[in-house]
Amino acid sequence: DHAQILVMTGEADEELALQAMRRGAHDYLVKGRLSSEALRRVARYGVERHLAAMELMRSRLLLQAGLDALAHALAVLDPSGRILLVNATWEQQEEGNPLVCCARKGMSYTEALAALDGGHGVAAVQLRKCIDEALAGVRDQHTLDYRLEFSGRESYFSASVVRFFSQGCLHVVVSHVDITERKRMEMRLRSTEELFTLISEHVLDLMAIIDDSGHSIYSSPSYFDQLGYERSELESLGSMELFHPEDRPKALESLDRLFR
């Protein structure tokens, strides 16, 4: 893969040798001008090119390995929206996220998104708009959370679209990550919070949440109904002030044991 191609030519064929170099040859020698210095130059340049090619390959392998280690499905697009590079996570999406499965390396990602219909169409349209705006320079970065139904289940994803320039040429990175578990946790938490609010707002007992210094963080409406305080008054009082002076030491002792 790293063989050095050397062209030997006659003096009259020097232009032909230059054309050969433009097509992939690495160097050339003119038969009528052979010398030990010319041979040393060709050998030295050949070694330097080989070392540079090896270093470039190591850098590319390291880059690809780093991209393949990501949990995100990632693709790099050219200015036309064509996919230049994908990581392993993207390639492995054969029956996963339809917004990833619809396109492979070498395909136009924007056209693939436009071809999606049904339940995936809305998310595809939104993502394509983000990509079009990045390519047009309207915005440098987009984040899009979207919901899809496929394989008999509901899934949530987050897509990121970022534009950048490499050697003066515009590129766009598109990545997708599955956030289904996070979304489900958020929904469970929201449901728990709603249940807590429902209970605390209607409980008849005095219900409060306090910190380790005894400061009240939350007081149920029953405090105001049964004790007759306005909210502003209760917020200005420390929780210990609601205890009878004789009961405060015992209350403080109990509080101290709870926060140890």
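Residue numbers run from 1 in the order of the sequence given. All values below were derived from every heavy atom in this structure, side-chain atoms included, with hydrogens, water molecules and symmetry-related copies excluded.
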Test log, rule side chain to side chain contact (heavy atoms under 4.5 Å, CB included), inputs Y146 and N97: CA-CA 11 Å; Y146 59 93; N97 184 346; 2.7 Å; yes
CA sep, side-chain torsions, deciding dist, call: D145, R182, salt bridge (charged side-chain N to carboxylate O under 4.0 Å, His left out): CA-CA 12 Å; D145 289 353; R182 190 189 81 189; 3.8 Å; yes
Check against side chain to side chain contact (heavy atoms under 4.5 Å, CB included), V76 and V172: CA-CA 6 Å; V76 179; V172 169; over 6 Å; no
Step-by-step side chain to side chain contact (heavy atoms under 4.5 Å, CB included) determination, R188 to M185: CA-CA 5 Å; R188 287 194 295 268; M185 187 177 297; 4.0 Å; yes
Trace of the side chain to side chain contact (heavy atoms under 4.5 Å, CB included) decision for F164 with V173: CA-CA 8 Å; F164 71 98; V173 175; 3.3 Å; yes
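H244 contributes a side-chain N or O that, together with a main-chain N or O of E246, makes up a donor-acceptor pair within less than 3.5 Å. One N or O on the side chain of R163 and one on the backbone of A134 form a donor-acceptor pair closer than 3.5 Å. Between the H171 side chain and the C169 main chain, a donor and an acceptor come within less than 3.5 Å of each other. Side-chain atoms of S155 do not come within 3.5 Å of backbone N or O of T180 as any donor-acceptor pair.
Classification of E181 and R184 as a salt-bridged pair holds, one side-chain N sitting under 4.0 Å from a carboxylate O. A salt bridge is defined here as a Lys NZ or Arg NE, NH1 or NH2 lying under 4.0 Å from an Asp or Glu carboxylate O, and E194 with R190 fails to meet this definition.
Contact detail for V86 and A75: the closest heavy-atom pair is CG1-CB, 3.9 Å. Here the closest non-hydrogen pair linking L148 and H120 is CD2-ND1, 3.8 Å.
For R153 and F150, the positive end sits near the middle of the six-membered ring, less than 6.0 Å away and at most 45° from its axis.
Cluster annotation: L74 and V162 are assigned to distinct hydrophobic clusters (Ile/Leu/Val/Met/Phe/Trp/Tyr, side-chain heavy-atom contacts under 4.5 Å, transitive). Residues L144 and L116 share a single hydrophobic cluster, defined by chaining ILVMFWY side chains whose heavy atoms lie under 4.5 Å apart. Note: the hydrophobic cluster containing L189 does not contain L198 (ILVMFWY, side chain heavy atoms under 4.5 Å, direct or indirect links).
When each of D78, V174, L77 is checked for a side-chain contact (heavy atoms from CB on, under 4.5 Å) with I83, only L77 meets the rule.
Screening residues 106-116 for side-chain hydrogen bond (donor to acceptor under 3.5 Å, both in side chains), with sequence neighbours left out, gives S108-T110, Y109-H176.
Side chains of F157 and V100 form no contact here, defined as non-hydrogen atoms less than 4.5 Å apart.
To the nearest 0.5 angstrom, L252 atom CG is 11.0 Å from D247 atom CG.
If you chain together ILVMFWY residues whose side-chain heavy atoms come under 4.5 Å of each other, M187 ends up grouped with Y156, V177, I179.
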